[in-house]
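I have placed the structure first, in the form of structure tokens, so that the comments after it can refer back to it.
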Amino acid sequence: MSAPSRFDRGHTDDLMSFLAASPTPYHAVANAAERLEKAGFRQVAETDAWDGATGGKYVLRGGAIIAWYVPEGADAHTPFRIVGAHTDSPNLRVKPRPDSGAHGWRQVAVEIYGGPLLNSWLDRDLGLAGRLSLRDGSTRLVNVDRPLLRVPQLAIHLDRSVNADGLKLDKQRHMQPVWGMGDEVRDGDLIAFLEETAGLASGEVTGWDLMVHSVEAPAYLGRDRELVAGPRMDNLLSVHAGTAALAAVAAKGSALPYIPVLAAFDHEENGSQSDTGADGPLLGGVLERSVFARGGSYEDRARAFAGTVCLSSDTGHAVHPNYAERHDPTHHPRIDGGPILKVNVNNRYATDGSGRAVFAAACEKADVPFQSFVSNNAMPCGTTIGPITAARHGIRTVDIGVAILSMHSARELCGAKDPYLLANALVAFLES
């Protein structure tokens with residue numbers, strides 16, 4: 001990846017394509033894997049015995065991917081350099097009995113996932129995508145990427161006080177999308193529709209993990225197209241940057257002092273406690289098996305982990321022009337000001353002084369500016385996979401990301417340059 005002295009819009013174009021093609025975590029990791037395959041990586045199964053061969057490898061599990069590159073001459077105790085991210089975003093997810101409706105409307109029963117801005121899902125053309133589990137034990141990705149669903153807002157004539165008193169949404173009663181008309185609710189209609197869409201036989205689907213998504217494509221915005229509007233930037237922007245950075249480092253093929261890793265987890269938006277979340281055993285198991293496959297001992301594993309650093313990359317808050325008082329008065333991250341370094345002394349972020357030095361060195365090497373972010377003292381601070389990674393694995397972790405607006409909306413906003421700047425900083429970090 002070239003130095004960022006001249007902005008490469010091609011990276012942001014590619015990010016927009018990645019966002020559009022990744023409506024769910026399952027699609028995101030499949031697309032990341034495809035890009036890594038083109039860079040020479042190969043998939044390894046968790047059920048197989050692993051060898052200590054050099055080169056790029058990756059593991060897929062549900063909506064998570066762990067990928068790593070073993071350079072020539074790597075010892076069993078060679079430390080890792082990890083870019084951590086997450087693949088999930090707040091949205092509406094289909095319930096086990098999805099077929100619903102009332103008063104002549106056919107609806108899909110959904111549950112709220114994570115903490116979305118509910119109003120951003122109203123009156124928006126929505127598609128449906130996810131993972132289908134089949135009778136033979138296999139899975140199939142499905143993506144109905146056309147206007148299929150809509151959560152209709154109540155007309156102002158029936159809620160005259162909405163603009164004065166604010167919109168109040170009941171998650172159970174007000175967020176169920178419509179997808180057709182009919183007085184009879186027939187169990188199995190939605191899954192039968194998806195079986196037909198996916199070219200599957202009737203009754204072949206026995207389980208599903210489905211979610212809705214906005215079908216509006218990502219787009220440049222602004223007088224000079226200096227902004228990008230799109231879905232799921234939190235946190236597919238980081239997944240995309242991490243994938244690009246890992247592929248770029250592997251393509252150089254030179255001796256590296258560390259083993260570069262991409263760890264993109266699912267379920268960050270609801271606590272990370274799953275077999276594919278950052279609070280699960282996936283990352284530690286993959287790193288340990290990599291050490292042991294290269295002939296290492298537990299002592300080698302301990303030495304490798306002690307020298308490992310993780311950049312937990314997630315989006316953060318740019319200063320909002322209409323709500324500047326909600327931000328810390330001395331920390332106002334700006335769009336296209338470069339990646340942000342997230343700090344919280346109560347360990348909602350994992351960054352400390354030594355971690356800051358690591359990130360500052362990577363940004364200096366890449367000629368990338370960076371900014372600092374802290375929350376307003378009077379407001380609670382969010383968190384990331386950073387503190388979880390640090391505590392679970394004893395790995396020094398630094399929280400970073402890209403500043404955006406409209407976080408957790410169905411459609412978020414970032415600067416056109418920042419994704420490129422982040423990717424360059426990640427390259428420098430992985431190969432330092």
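Quick note: residue numbers are just sequence positions, from 1. This is a predicted model, so every value here is computed, not measured. Just so you know, these numbers use all the heavy atoms, side chains as well, and skip hydrogens, waters and symmetry mates.
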Legend entry - Least distance between heavy atoms, S409 atom then S120 atom: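 Reported closest heavy-atom pair: OG-CB, 3.2 Å.
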Legend entry - Closest non-hydrogen atom pair, D399 against S312: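 In terms of heavy atoms, the two residues are closest at OD1-OG, 2.8 Å.
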Inset, instruction - Run the salt-bridge test on R61 and E46 with the 4.0 Å N-O cut-off and return the result as yes or no. - result: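 E46 and R61: salt-bridged.
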Between the side chains of [X] and [Y], does any donor sit under 3.5 Å from an acceptor?
X: D300; Y: S297; result: yes
X: H408; Y: D234; result: yes
X: Y258; Y: E431; result: no

Inset, instruction - Classify the ring geometry between F41 and Y69 as parallel (under 30°), tilted (30 to 60°) or perpendicular (over 60°). - result: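 Tilted.
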Legend entry - Student check: side-chain heavy atoms of R326 and N376 closer than 4.5 Å: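 Answer no - side chains too far apart.
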Ring centroids only, cut at 6.0 angstrom: are [X] and [Y] within range, meaning strictly under it?
X: W179; Y: F193; answer: yes
X: F359; Y: F370; answer: yes
X: H331; Y: F373; answer: no
X: H267; Y: H86; answer: no

Check: [X] side chain, [Y] main-chain N or O, donor-acceptor pair, under 3.5 Å:
X: D279; Y: S272; result: no
X: D123; Y: Q153; result: yes
X: S138; Y: L134; result: no

Inset, instruction - Can you spot which of V142, N143, T87 makes a side-chain contact (heavy atoms from CB on, under 4.5 Å) with H27? - result: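 So the option named by the test is N143.
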Inset, instruction - Report yes or no: is the cationic atom of R301 (NZ for Lys, CZ for Arg) closer than 6.0 Å to the six-membered ring centre of F305, at no more than 45° off its axis? - result: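 Judged by the rule (NZ or CZ under 6.0 Å from the ring centre, within 45° of its axis), R301 counts as positioned above F305.
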